[in-house]
Number of protein chains: 2
Amino acid sequence: MRVHLENIVLFKNIDEETINKIENFTTEHRVSKDNIVFYEGDEPKYLYLLVKGVIKLYKTSSNHKEVVLKYFHDNELIGEVANFEGMPYPATAKAYSDVEFLKIDFEKLKEVIFSNPNMAFNIQTSLIKKIKNLENIISTNLVLDSKERVAKYIYNHSEDFFETKNIEIAEVLGVSPETLSRILKFFKDKEIINVKTKFADKEALREFF
Amino acid sequence: MRVHLENIVLFKNIDEETINKIENFTTEHRVSKDNIVFYEGDEPKYLYLLVKGVIKLYKTSSNHKEVVLKYFHDNELIGEVANFEGMPYPATAKAYSDVEFLKIDFEKLKEVIFSNPNMAFNIQTSLIKKIKNLENIISTNLVLDSKERVAKYIYNHSEDFFETKNIEIAEVLGVSPETLSRILKFFKDKEIINVKTKFADKEALREFF
DNA sequence: AGATAGAACTGACCTATATCAACGCCAAGA
DNA sequence: TCTTGGCGTTGATATAGGTCAGTTCTATCT
């Protein structure tokens with residue numbers, strides 16, 4: 001195994017013996033962009049730990065519209081609810097970039113969690129992080145309108161905003177590319193952002209959300 | 001203390017000694033409808049455990065519109081993220097009915113969690129439940145439109161649906177009372193529900209979401 | 001340089017839902 | 001019995017954002 005568990009946040013402060021044990025039922029996978037990691041409805045058996053890349057979790061609604069629930073990034077745990085609850089995965093996971101992840105046999109991991117307080121603590125931390133994340137998604141999506149969401153996005157991603165394609169940003173924000181284009185025009189007109197000089201007036205943006 | 005911790009899900013399978021210890025830094029509270037439990041921005045010190053009633057968690061957005069993030073029910077934990085992360089509460093909690101809850105000194109509870117695997121497990125279960133809940137909110141709100149949400153609501157609340165005031169249902173669902181009224185009319189016209197006979201055709205409702 | 005394709009932009013239109021306003025219904029109190 | 005206030009209903013209107021279609025821009029390939 002090339003990925004070393006001890007470098008992963010979830011396994012911080014875990015003794016070597018336990019790590020070795022976990023390695024025995026953990027497998028490493030690489031999947032390239034746009035391939036499916038698991039489907040909605042699949043029976044869970046493994047806990048997924050995203051090591052590198054981005055995984056998109058989405059549902060296909062009745063009218064065949066794809067609704068993105070969440071993008072996962074490094075060190076995030078995927079599928080813990082389905083595993084803990086023994087219910088099928090409620091959504092489909094797809095590689096949004098080339099990704100590297102671990103599949104951990106859940107039943108076996110559970111035993112380790114029970115017998116190792118540090119491991120239990122790490123799982124807890126990871127769950128809390130996830131809750132925070134979900135709460136953030138909810139408040140962003142329910143409280144803010146499109147313009148506010150765009151302002152928040154630029155504010156939080158001022159580093160890479162100008163290097164990211166608008167259609168991708170639109171997808172992440174859950175707005176149509178046309179709407180995003182119009183909103184960006186608004187900010188350009190107000191000289192809050194400038195695409196040529198790659199300037200973003202963070203103070204001014206902050207006012208919007 | 002009249003509420004006995006051993007009857008509460010969070011303390012299931014916890015030995016008496018530990019429970020007694022926890023009781024030492026737990027206080028019981030009763031708050032009547034419409035009073036505030038804590039405010040957005042407050043520094044967290046206690047973990048709240050709702051014993052009875054409903055607590056509404058909401059944010060007040062920039063344009064003074066109140067956005068409900070979540071309703072808490074029996075046995076739910078409130079504020080664990082703020083406590084674990086040491087950040088101020090991100091939203092305001094208000095009693096939506098007369099409520100009974102416990103305030104548990106978080107720093108002290110943390111020690112107990114560390115030293116007691118069963119307690120760690122129970123916290124974990126509670127966190128998982130919460131994640132499931134949040135994911136459900138997200139998929140309901142992002143994936144379903146109003147009519148679908150109403151259908152789902154009636155389906156899941158067929159017991160008390162006819163006893164609940166429409167304005168309350170509208171608030172829970174995050175739609176205006178007018179919209180709810182029109183949607184209900186639609187279901188009445190299709191004879192999927194009947195307010196007189198308190199009949200709801202669950203099969204038919206299921207088709208809508 | 002010209003060709004091509006994907007991205008961005010723009011205007012016209014559509015749709016879901018909110019908002020506003022008016023009205024009727026019904027239960028509780030006078 | 002009359003009054004009152006909250007709730008539900010209904011129609012008219014407003015609005016945010018999506019969809020569609022056409023155009024322009026830009027970067028890459030030949």
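Convention: sequence-line order gives letters A, B, ...; per-chain numbering from 1.
- Nucleotide C:dA8 holds its P atom 9 Å from the CG atom of A:Leu184, rounded to whole Å.
- To the nearest angstrom, C1' of C:dA8 lies 15 Å from CZ of A:Phe162.
- Contact annotation: A:Thr179 does not reach the phosphate of D:dG17 (side-chain N/O to OP1 or OP2, under 4.0 Å).
- Rounding to whole angstrom units, CG of residue A:Leu144 and C1' of D:dA16 are separated by 15 Å.
- Between the C1' atom of D:dT10 and the CZ atom of B:Phe186 lies a distance of 18 Å, rounded to the nearest Å.
- Here A:Lys132 pairs with B:Glu85 in a salt bridge; the nearest charged N to carboxylate O distance falls below 4.0 Å.
- Considering CG of A:Leu127 and NZ of B:Lys130, their distance stands at 12.0 Å, rounded to 0.5 Å.
- For B:Ser146, taking side-chain heavy atoms from C-beta onward, the closest of the listed nucleotides C:dT17, D:dC7, D:dG11 is C:dT17.
- Residue A:Asn166 has no polar side-chain atom (N or O) positioned under 4.0 Å from OP1 or OP2 of C:dG6.
- Across D:dT10, C:dC9, D:dT19, the shortest atom-to-atom separation from the side chain of B:Arg182 is found for D:dT10.
- Nearest nucleotide to the side chain of B:Glu178, out of C:dT10, D:dC7, D:dT10: D:dT10.
- Taking the centre and axis of the six-membered ring of B:Tyr155, the NZ or CZ atom of B:Lys202 falls inside the cone set by 45° and 6.0 Å.
- Between C:dA8 and A:Lys165, no contact under 4.0 Å exists linking OP1 or OP2 to a side-chain N or O.
- Between the CZ atom of A:Arg149 and the P atom of D:dA16 there is a distance of 14 Å, given to the nearest Å.
- Rounded to whole Å, the distance from CZ on A:Phe187 to P on C:dC9 is 14 Å.
- Neither OP1 nor OP2 of D:dT19 sits under 4.0 Å from any side-chain N or O of A:Ser176.
- The cationic atom of A:Lys103 (NZ for Lys, CZ for Arg) lies less than 6.0 Å from the six-membered ring centre of A:Tyr46 and within 45° of the ring axis.
- Using a 4.0 Å cut-off between a side-chain N of Lys or Arg and a carboxylate O of Asp or Glu, B:Glu163 and B:Lys198 qualify as a salt bridge.
- At least one side-chain nitrogen or oxygen of A:Lys188 sits closer than 4.0 Å to the OP1 or OP2 atom of C:dC9.
- The shortest distance between the side-chain N/O atoms of B:Lys147 and the OP1/OP2 oxygens of C:dT15 is not below 4.0 Å.
- Whole-Å rounding puts the B:Asn141 CG to C:dT17 P distance at 12 Å.
- Atom C1' of nucleotide C:dA18 and atom CG of A:Leu142 are separated by 16 Å, given to the nearest angstrom.
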